[in-house]
2 protein chains.
Amino acid sequence: MLTLTRKTVYALIATCHLANVGQKVVCARDMSKLYGVRLPLLMNVLKTLNQHGILRSVRGARGGYALAVGPKQISLSKLIEAVEGPPRLVKCALPQPDDPPCKIFEDCPVRGPMVKVHRMFGSFLKGITVADVAFDNRYSGRKTADARKIVAQ
Amino acid sequence: MLTLTRKTVYALIATCHLANVGQKVVCARDMSKLYGVRLPLLMNVLKTLNQHGILRSVRGARGGYALAVGPKQISLSKLIEAVEGPPRLVKCALPQPDDPPCKIFEDCPVRGPMVKVHRMFGSFLKGITVADVAFDNRYSGRKTADARKIVAQ
DNA sequence: GGAATATAGTATCAACAGGGTACCATTTCA
DNA sequence: TGAAATGGTACCCTGTTGATACTATATTCC
């Protein structure tokens, strides 16, 4: 559908929250309650982000997650790659071992130009960072404001 | 998966072919043979493009399809919209009557900025035309947008 | 040390979009 | 009238995504 999956949206919500709280460690349960997203699914996403080095985890009681790198270093492209696999506007632009071969690969009349479009799309996604989404000052949501208060106190 | 469907690729192949043959009417069977794509699926795509006014059809023997408008007037966005439905980077950017309501719509901390990203993505898709892909020379030098401007605009 | 908390890893199931096929009606040319 | 070609629709199969469940492991606090 050419749409970001819900997992990617959850990944954005989590990383943006963690960007707002600085280096504080936040557990999955708190973020789940704060934003009304289901805990098990959020946990799956957080695990994945940890595996990809986007978050760092602290195990045990009082544990949780924090950003592993600065929010400006986390592009939308990286987030998508961690959760959904690398973005590919056309599959033939980045063939992967387990997807069935394209039958018209060599003779495809649009592959060349579409690979260029794919690269432009990739640059587009690389140019958007968690910092851009998290610190958009035009956003008027209450939850983020609450989160900032929590940090401030 | 954030990937164009095969139907959209077929739509691109067909429209690019028709762009190259001018106003000549070409039947589905010929394009199917020429590019090695399955006839029934290609026919479904051509029917859809005709319904959306992108192609014009000529029925009966010796019939077929031709572009309804110039290739510069057919953007990638229009093609996708015809075949897959309107591109929506996030569903909440363009809610449709038959998709289930987002439970965190009002409180979503990333909806605002992501809708802006969605709009920029839309502009990106509107900026690429069948002429660009068919004649592969017009867009390759374009600069990629700096995404920070998207959220900051 | 033990209970409580929280992540790590994996496996499984259900829902949905996309891929693909089939059928019949309609139109036009020869 | 027959062949060629599109018009429209309905259907099923498969792969991706969404969602849940379970056990193991690590850490804090009493």
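Quick note on labels: first sequence line is chain A, next is B, and so on, each numbered from 1.
- Inter-residue side-chain proximity for A:Val83 and A:His52 is flagged as unmet; no heavy-atom pair is nearer than 4.5 Å.
- In this structure, A:Met43 atom CE and C:dG9 atom P are separated by 12 Å, rounded to whole Å.
- Not a single donor-acceptor contact under 3.5 angstrom links the side-chain atoms of B:Arg62 to the base of C:dT28.
- Ionic pairing of A:Asp30 and A:Lys24 is not present here: no N-O contact between side-chain nitrogen and carboxylate oxygen is shorter than 4.0 angstrom.
- Results of the side-chain contact (heavy atoms from CB on, under 4.5 Å) test with B:Tyr10 over B:Val37, B:Asn44, B:Leu49 single out B:Val37 as the only residue that passes.
- Rounded to whole Å, atom P of D:dA26 lies 14 Å from atom CG of A:Asn50.
- If you check every strand for non-hydrogen atoms under 4.0 Å, B:Met1 touches sugar and phosphate atoms only.
- The CZ atom of B:Arg6 sits 14 Å away from the C1' atom of D:dC13 (whole-angstrom rounding).
- Using a 4.0 Å heavy-atom cutoff across all strands shown, B:Gln51 reaches sugar-phosphate atoms only and no base atom.
- Between B:His17 and B:Tyr35, the ring planes are perpendicular. Angles over 60° get that label, and only those under 30° would be called parallel.
- Protein atom CG of B:Leu39 is 11 Å distant from nucleotide atom C1' of D:dT6, rounded to whole Å.
- Nucleotides of DNA chain D nearest to A:Asn44 and B:Val58 differ in position, and the one nearer the 5' end is that of B:Val58.
- What separates CG of A:Leu4 from C1' of D:dG18 is a distance of 16 Å, to the nearest Å.
- Checking C:dG19, D:dT6, D:dT27 against every side-chain atom of B:Thr5, the shortest atom distance belongs to C:dG19.
- When the nearest nucleotides of DNA chain D are assigned to A:Arg59 and A:Lys47 by heavy-atom distance, the more 5′-ward of the two goes with A:Lys47.
- To the nearest angstrom, C1' of D:dT14 lies 14 Å from NZ of B:Lys7.
- For the OP1/OP2 pair of C:dG18 and a distance below 4.0 Å, the side-chain nitrogens and oxygens of B:Tyr10 include no atom meeting the criterion.
- C:dT10 atom P lies 18 Å from atom CG of A:Leu41, rounded to whole Å.
- Counting to the nearest Å, the C1' atom of D:dA5 and the CG atom of B:Leu42 are 13 Å from each other.
- Here the straight-line distance linking atom CG of A:Leu55 with atom CG of A:Leu67 works out to 6.0 Å at 0.5 Å rounding.
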